[in-house]
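A short worksheet on the structure shown next.
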Amino acid sequence: MVNQMSKKTMEQMQNEVDSYISQFKEGYFSPLSMMARLTEETGELAREINHYYGEKPKKDSEEEKTLEQELGDMLFVMICLANSLDINMEEAFDLVMEKFQTRDKDRWTRISETEDKK
């Protein structure tokens, strides 16, 4: 469960990441490098999910990571990518939600529809 005291807006997260990255001379990686990092982090998340929910348990010698850590790594890289391309993630989220609420509004069966049929 999310701690109510620690909630941050996406704008705050983007600003926090930018403040962190801005202290280094190297700055943001190129978009292509960040895409490679995002792919790497996706693989790490997939591996953790496979260990927790799949048929491939971890070896005793493998480091224990949490799904939260891996999702956090992915979020950090996505924010870096967005910041480097001057993309407002709140606006990007609003665009995708609008798409789901319009174009895809009838794509899946709503819970209320299944309850009406009972």
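In this text, all values refer to a predicted model and were calculated from it rather than measured experimentally.
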Looking at every heavy atom in both [X] and [Y], which two are closest together, and how far apart are they?
X	Y	value
L81	P31	CD1-CA, 3.9 Å
M34	Y28	CE-CB, 4.1 Å
M89	Q14	N-OE1, 2.8 Å

From [X] [atom1] over to [Y] [atom2], what is the distance, rounded to the nearest 0.5 angstrom?
X	Y	atom1	atom2	value
D18	S84	CG	OG	10.0 Å
R37	F76	CZ	CZ	6.5 Å
M78	L71	CE	CG	8.5 Å

- Query: S22 and S19: side-chain donor and acceptor closer than 3.5 Å?
  - Reply: no

- Query: Relative to each other, are the rings of F100 and W108 parallel, tilted or perpendicular (30° and 60° limits)?
  - Reply: tilted

- Could you walk me through whether N83 and V17 pass the side-chain contact (heavy atoms from CB on, under 4.5 Å) test, one step at a time? CA-CA 8 Å; N83 285 355; V17 169; 4.0 Å; yes

- Query: Would you say Y53 has more than 12 foreign heavy atoms packed within less than 6.0 Å of its OH?
  - Reply: no

- Message: Please check if the number of heavy atoms outside L32 that lie under 6.0 Å from its CG is greater than 12.
- Response: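 Atom CG in L32 is not crowded, with 12 or fewer foreign heavy atoms closer than 6.0 Å.
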
Looking at [X] and [Y], would you say the former's side chain and the latter's main chain have a donor-acceptor pair under 3.5 Å?
X	Y	answer
Q12	T9	yes
E11	E90	no
Q23	Y20	yes
Q69	T66	yes
N88	E91	yes

- Decide side-chain contact (heavy atoms from CB on, under 4.5 Å) for M10 and F93; before the verdict, give the C-alpha distance in whole Å, the side-chain angles of both, and the deciding distance to 0.1 Å. CA-CA 10 Å; M10 184 56 71; F93 178 79; over 6 Å; no

- Item | Criterion side chain to side chain donor-acceptor pair (under 3.5 Å) on T39 and T42, from CA distance to verdict | CA-CA 5 Å; T39 302; T42 302; 5.8 Å; no

- Message: Just so I know, are the side chains of D94 and M97 near enough to count as touching, which here means a heavy-atom distance under 4.5 Å?
- Response: no

- Message: Measuring only between side-chain heavy atoms, which start at C-beta, is E70 closer than 4.5 Å to I49?
- Response: no

- Item | Candidate pair V77 and F29, rule side-chain contact (heavy atoms from CB on, under 4.5 Å), full reasoning | CA-CA 10 Å; V77 176; F29 294 160; over 6 Å; no

- Message: side-chain contact (heavy atoms from CB on, under 4.5 Å) for L75 and M13? Distances and angles first, verdict last.
- Response: CA-CA 10 Å; L75 180 59; M13 287 188 275; 4.0 Å; yes

